[in-house]
Amino acid sequence: MKVIVCKDYDDMSKKASELVISNMIEKPQIKFGFATGSSPIGLYKNLIAAQKEGEISFKYAKSVNLDEYVGIDPANDQSYSYFMHENLFDHVNIKKENIHLPSAPEADDKYAKEYRKLLEDFGQRDIQILGLGVNGHIAFNEPADKLNKYASIVELEKSTIEANARFFESEEDVPKHALSMGLAEVFDARMIIVLANGKSKHEAVKRILNDESISTELPCGLLNLHPNVYLFVDEEAYNG
């Protein structure tokens with residue numbers, strides 16, 4: 001794992017975007033795995049700016065997303081579909097048919113099976129963007145005795161619901177289930193870029209870097225098993 005300690009959020013976003021941009025220039029038909037949440041917003045803004053300046057193009061790029069809440073309409077401003085359009089897709093020249101977003105109108109395993117098939121057909125991603133949950137989850141793979149290998153409907157931990165409540169009117173409005181890639185699918189990428197910022201992520205970052213053992217109780221610790229991971233972390237998340 002390559003660890004890049006950055007001064008602050010803006011510096012983290014800038015350095016991560018430089019790595020993404022260099023890969024896009026090298027491979028215009030790049031395949032992305034995208035993440036949502038506050039951590040990658042700065043990265044996406046830098047990619048939008050780079051396209052406006054003619055440095056990169058999304059014309060031949062393809063994307064697939066990590067996860068989505070169960071039972072939320074894509075037009076809802078708290079859906080991850082809405083987030084991706086608002087923070088990236090509507091501002092770059094990616095083709096609509098090259099955007100792949102998971103959807104689960106209800107907690108039915110058939111939607112997980114559909115997404116597994118989509119991921120299989122999509123093929124290996126060149127870059128997977130990841131954030132870190134405060135409890136160490138990646139995508140919506142929560143700490144547990146066992147973790148899902150493939151896309152599944154998952155029940156969200158209380159800590160995850162509490163962390164996401166700031167985006168909703170109340171904690172009660174936060175969906176309790178999500179459709180998420182499994183760990184085998186998350187790891188099926190040539191490169192993984194992890195973004196972690198703020199004091200709330202310090203414990204997870206510290207354990208990724210210092211724990212002597214690897215456990216499903218800390219899903220992000222499994223990132224140590226992937227051969228090509230870049231962890232971009234600001235000073236607050238790194239030092240606490």
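Along the sequence shown, residues are numbered consecutively beginning with 1.
Judged as a ring pair (Phe, Tyr, Trp, His ring centres under 6.0 Å), the pairs with a partner in residues 213-240 (not counting sequence neighbours) are, in order, Phe187-His226. Contacts classified as side-chain hydrogen bond (donor to acceptor under 3.5 Å, both in side chains) and involving residues 19-42 (residues at least two apart or in different chains) are given here: Lys27-Asp126, Ser39-Asn197.
Between Glu203 and the options Lys206, Arg207, Lys199, a salt bridge (charged side-chain N to carboxylate O under 4.0 Å, His left out) holds for only Lys206. Of the listed residues (Asn98, Ile129, Ile94), just one forms a side-chain contact (heavy atoms from CB on, under 4.5 Å) with Ser63, and that residue is Ile94.
Residues Gln128 and Phe34 come closest through the heavy atom pair NE2-N, 4.0 Å. Across all their heavy atoms, Glu155 and Glu142 have their closest contact at O-CG, 4.1 Å. When all heavy atoms of Phe83 and Ala35 are compared, the closest pair comes out as CE2-O, 4.2 Å. Here the closest heavy-atom approach between residue Glu217 and residue Asp145 is recorded as OE2-OD1, 3.2 Å. Contact record, Ala196 with Ala237: O-CB, 3.7 Å, taken as the closest heavy-atom pair. Shortest non-hydrogen contact noted between Ala204 and Val134 is CB-O, 4.5 Å.
Cluster membership check: Leu66 does not share its hydrophobic cluster with Ile127, using side-chain heavy-atom separations under 4.5 Å among Ile, Leu, Val, Met, Phe, Trp and Tyr. Cluster membership check: Met181 does not share its hydrophobic cluster with Met84, using side-chain heavy-atom separations under 4.5 Å among Ile, Leu, Val, Met, Phe, Trp and Tyr. Hydrophobic clustering keeps Met191 apart from Val229 (ILVMFWY residues linked when any side-chain heavy atoms are closer than 4.5 Å, directly or through intermediates). Taking hydrophobic clusters as Ile, Leu, Val, Met, Phe, Trp and Tyr residues chained together by side-chain heavy-atom distances below 4.5 Å, Val70 shares a cluster with Leu119. Each of Val5 and Leu19 belongs to its own hydrophobic cluster when Ile, Leu, Val, Met, Phe, Trp and Tyr are linked at side-chain heavy-atom distances under 4.5 angstrom.
Of the inter-residue distances, the one linking Asp188 atom CG with Ile192 atom CD1 reads 9.5 Å to the nearest 0.5 angstrom. Rounding to the nearest 0.5 Å gives a distance of 11.0 Å between OG of Ser200 and CG of Asn135. We find the CG-CG distance between Asp108 and Leu179 to be 11.0 Å, quoted to the nearest 0.5 Å. Between Leu101 atom CG and Asp67 atom CG the span is 10.5 Å, to the nearest 0.5 Å. Distance check, rounded to the nearest 0.5 Å: OG of Ser152 to CD of Glu185 gives 7.5 Å. In this structure, CG in Leu156 is found 8.0 Å from NE2 in His137, a value given to the nearest 0.5 Å.
Looking only at atom types and distance, the side chain of Asn87 has no donor-acceptor partner in the side chain of Lys45 under 3.5 Å away. Side chains of Asp10 and Ser13: no donor on one and acceptor on the other come within 3.5 Å.
Two residues are said to be in side-chain contact when any heavy atoms from C-beta on lie closer than 4.5 Å; Asn65 and Pro102 meet this criterion. Side chains of Tyr111 and Pro105 form a contact here, defined as non-hydrogen atoms less than 4.5 Å apart. Inter-residue side-chain proximity for Lys201 and Val233 is flagged as unmet; no heavy-atom pair is nearer than 4.5 Å. With a 4.5 Å cut-off on side-chain heavy atoms, Leu132 and Ile208 count as touching. Contact check for Leu223 versus Leu231: no side-chain heavy atoms found under the 4.5 Å cut-off. Side chains of Ser103 and Glu68 form no contact here, defined as non-hydrogen atoms less than 4.5 Å apart. Side-chain contact check for Ile4 versus Met12: every heavy-atom pair is 4.5 Å or farther apart.
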Residues Tyr150, Lys113; criterion side chain to side chain contact (heavy atoms under 4.5 Å, CB included); working and verdict: CA-CA 9 Å; Tyr150 304 112; Lys113 291 178 180 176; over 6 Å; no

Stepwise side chain to side chain contact (heavy atoms under 4.5 Å, CB included) test for Leu43 and Leu195: CA-CA 9 Å; Leu43 164 63; Leu195 304 169; 4.1 Å; yes

Step-by-step side chain to side chain contact (heavy atoms under 4.5 Å, CB included) determination, Phe140 to Tyr69: CA-CA 10 Å; Phe140 273 122; Tyr69 288 122; 4.0 Å; yes

Full working for side chain to side chain contact (heavy atoms under 4.5 Å, CB included) between His91 and Lys52: CA-CA 9 Å; His91 309 284; Lys52 287 182 178 177; 5.6 Å; no

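Residue Lys176 qualifies as enclosed at atom NZ: its count of foreign heavy atoms under 6.0 Å is above 12. Around CZ of Phe168, the count of heavy atoms belonging to other residues, nucleotides or ligands within 6.0 Å exceeds 12. Atom NZ of Lys14 is surrounded by 12 or fewer heavy atoms from other residues, nucleotides or ligands within 6.0 Å.
Of the charged side-chain nitrogens involved, at least one lies within less than 4.0 Å of a carboxylate oxygen, so that Glu171 and Lys158 count as a salt-bridged pair.
In this structure, the side chain of Asn148 does not engage the main chain of Gly182 through any donor-acceptor pair within 3.5 Å. With hydrogens and angles disregarded, a donor-acceptor distance shorter than 3.5 Å links the side chain of Asn141 to the backbone of Ile138. Not one N or O on the side chain of Asp11 forms a donor-acceptor pair closer than 3.5 Å with the backbone of Asp8. The main-chain N or O of Ala189 is never found under 3.5 Å from a side-chain atom of Arg125 such that the two would form a donor-acceptor pair.
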